[in-house]
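The structure under discussion appears below in the form of C-alpha cells.
Count residues from 1 along the sequence.
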Amino acid sequence: MELLFIGGSRFVGKHAVLEAVARGHSVTLFNRGNQPLPAGDLRHVQGDRNSDLERLAGETFDAVIDTSGYLPKQVRASAEALAGRVGAYLFVSSISVYADQTTPHQDEEAPLVELEDPNVEEITGETYGGLKVLCERALVGSFPVPPLVVRPGLVVGPDDPTDRFTYWPVRIGRGGEVLAPNHPGLPVQWIDARDLASWMIGGLERGEQGTFNAVSQVDRFSLGGLLEASRRITGSDARLTWVDEEFLLDHEVRPFVDQPLWIPGERANFLRIDGSRAHATGLDIRPMEDTISDTLEWYLSVGSGQPAGGEGGALKAGLDPERERELLTAWRAICGQRS
C-alpha cells in the first residue's frame, strides 16, 4: 500500500511507520521534519499541517494515518485536502472521548464528551477529550468508506515522552522504600505502542472501518503486578509501602502525575475500558514483562548512554526522591498514631 502519515515521527507515529515499512508498504511522511526516523526508504514531504497541505496536491494514497490531529479544524482541513485521493483514513483518537470516567467496561457506544464551547482551541486536560470527539466528527462523510477511528488508552513502551509508565520500572529499579498508591489490586490498563502500531497497520490491510478502543483486556493488569514484575526484572531490593489514597489527596499528591497510573475513587474505572471489539479483529497485547524490559532498556540507552525522560535523566512523571521520603515519613507517623 501507498501510505501517507500526517505526523509519524514521534512515539505512536514512529512505531506505526516502522511497522508499515517492515511490512513492505511505501511510506510518505508529511510533517515539519523535526524528528528524523531511522526507517529504511522513506519519502518525506516537509510541511506544517496547519498551513502547507497544498504540498500534497495531486498525490494519491491508499490510506492516510493521522497521528497528530488535536483540533477539528486540522482534521477537517486534511480531509478536505485529501478527499478523492485516498482510499481510507485512519485517525488516532483517545479513550478520553468518553463522558463518564466512573463506569467500568464502557464500549465504543458509550456517551461522548460534549464541549460547552465547540470553538475552543486551547488543549487542556478539560478540553482534550471533547476536541478529539470533534476531530472524529470532522471526518464523517468525507470519504467513500467510513474512517478507521482508533481510541487508544494509555500508550506505553519505548520512546514514551510522558514517562507515566516508565516511572514505575525505573523507580523500582532504584530500590529502597517505594511509595505506592492505594492497594496492589488497583486496576491499570495500557497498550504498548508497538502492539498499537501492529494492529493499526493490520487494520488498514484488512480494510477495517469504524471505531475501536485499543486497550488491554479489562483487569489483565494491576499496579501491584506491574511493580512486582519490575522488581523481578530489575533484581532490586525495593520495598513497597501502600498508602491510602485519602492520605495522598490530603497531601496534594497529584493523581496520574506524581503517582502515575493512580486514579482515585470510582474514576479508577477509566482504566477498565472494553476493548473486545479490537481484540476480536486481532489486537494482541504483549506480556507485561516484555514492555517493562524494553522500556527500561530504552530509558537507559538513549543519548549515548544517558537516560531518557528529560534533561539529566529526570523523569517527567512521578515523585522526586525528597518528596517521596517526606510523604513516607508522614505516612509512618499516621500509622504509628493508629496502632
Taking [Y]'s backbone N and O only, do any of them form a donor-acceptor pair with [X]'s side chain (distance below 3.5 Å, no angle check)?
X	Y	answer
Arg272	Gln217	no
Thr127	Thr124	yes
Asp237	Gly176	yes

Least distance between heavy atoms, [X] atom then [Y] atom:
X	Y	value
Arg239	Arg231	CA-NH1, 4.1 Å
Lys132	Ser93	CB-OG, 3.7 Å
Gly153	Val215	N-CG1, 3.5 Å
Gly69	Val75	CA-CG2, 4.0 Å
Gln209	Val145	NE2-CB, 3.7 Å
Pro260	Tyr167	CD-CD2, 3.8 Å

How long is the gap from [atom1] on [X] to [atom2] on [Y], to the nearest 0.5 Å?
X	Y	atom1	atom2	value
Gln259	Arg171	CD	CZ	10.0 Å
Ile6	Thr28	CD1	OG1	11.5 Å
Ser216	Phe221	OG	CZ	5.0 Å
His15	Thr67	NE2	OG1	12.0 Å
Asp290	Met288	CG	CE	10.5 Å
Tyr128	Ile123	OH	CD1	8.5 Å

Check whether any side-chain heavy atom of [X] lies under 4.5 Å from a side-chain heavy atom of [Y], and answer yes or no.
X	Y	result
Pro152	Val150	yes
Met1	Phe61	no
Asn182	Asp244	no
Glu108	Arg277	yes
Leu271	Phe256	yes
Pro72	Leu131	yes
Arg164	Lys316	no
Asp192	Thr295	no

Inspect the contact between [Y] and [X] and indicate whether a charged nitrogen and a carboxylate oxygen are less than 4.0 angstrom apart.
X	Y	result
Arg23	Glu19	yes
Arg232	Glu289	yes
Arg332	Glu326	no
Arg323	Glu252	no
Lys14	Asp159	yes

Common cluster, [X]/[Y], ILVMFWY with side-chain heavy-atom separation under 4.5 Å:
X	Y	answer
Leu283	Ile65	yes
Val155	Phe91	no
Tyr98	Val133	yes
Ile95	Leu134	no
Leu53	Phe5	no

Looking only at side chains, do [X] and [Y] share a donor and an acceptor under 3.5 Å apart?
X	Y	result
Thr291	Arg286	no
Gln101	Arg267	yes
Tyr299	Asp160	no
Thr103	Asp100	yes

task = Specify whether Phe143 and Tyr89 have parallel, tilted or perpendicular ring planes, treating 30° as the upper limit for parallel and 60° as the lower limit for perpendicular.
result = tilted

query = Should the ring pair Trp331 and Phe247 be called parallel, tilted or perpendicular, given that the plane angle runs from 0 to 90° and is split at 30 and 60?
reply = perpendicular

request  = Go through the steps to decide whether Arg174 and Thr234 satisfy the test side chain to side chain contact (heavy atoms under 4.5 Å, CB included), and finish with yes or no.
outcome  = CA-CA 9 Å; Arg174 290 173 180 165; Thr234 61; over 6 Å; no

message = side chain to side chain contact (heavy atoms under 4.5 Å, CB included), that's the test. Do Leu227 and Trp168 meet it? Break it down for me.
response = CA-CA 7 Å; Leu227 302 191; Trp168 287 114; 3.5 Å; yes

key: Crowding at CD, Glu54 (>12 non-hydrogen neighbours, <6.0 Å)   = yes

inquiry  = Heavy-atom count check: over 12 atoms from other residues, nucleotides or ligands less than 6.0 Å from Glu297 CD?
reply    = no

inquiry  = One pair to check against side chain to side chain contact (heavy atoms under 4.5 Å, CB included): Val156 and Trp190. What are the steps and the verdict?
reply    = CA-CA 7 Å; Val156 305; Trp190 61 70; 3.6 Å; yes

request  = Please report the C-alpha distance between Arg43 and Glu59 in whole Å, then the side-chain angles of each, then the deciding distance to 0.1 Å, and finally whether the salt bridge (charged side-chain N to carboxylate O under 4.0 Å, His left out) criterion is met.
outcome  = CA-CA 13 Å; Arg43 176 169 171 260; Glu59 306 229 22; 2.5 Å; yes

Test salt bridge (charged side-chain N to carboxylate O under 4.0 Å, His left out) applied to Arg151 and Glu136, step by step = CA-CA 10 Å; Arg151 294 173 177 167; Glu136 292 182 11; 2.7 Å; yes

request  = For Glu205 and His25, run side-chain hydrogen bond (donor to acceptor under 3.5 Å, both in side chains): C-alpha distance rounded to whole Å, both residues' side-chain angles, the deciding distance at 0.1 Å, then the answer.
outcome  = CA-CA 10 Å; Glu205 292 171 343; His25 299 298; 2.6 Å; yes

Trace of the side chain to side chain contact (heavy atoms under 4.5 Å, CB included) decision for Leu3 with Val64 = CA-CA 6 Å; Leu3 300 179; Val64 56; over 6 Å; no

task = Kindly determine whether Asn31 and Gln46 satisfy side-chain hydrogen bond (donor to acceptor under 3.5 Å, both in side chains), including the steps that lead there.
result = CA-CA 5 Å; Asn31 58 39; Gln46 189 164 354; over 6 Å; no

request  = Might you work through the side-chain hydrogen bond (donor to acceptor under 3.5 Å, both in side chains) test for Asp284 and His279, ending with a clear yes or no?
outcome  = CA-CA 7 Å; Asp284 187 32; His279 288 280; over 6 Å; no

message = The test is side-chain hydrogen bond (donor to acceptor under 3.5 Å, both in side chains); show your working for Arg49 and Ser68 and say whether it passes.
response = CA-CA 9 Å; Arg49 68 178 301 162; Ser68 63; 3.0 Å; yes

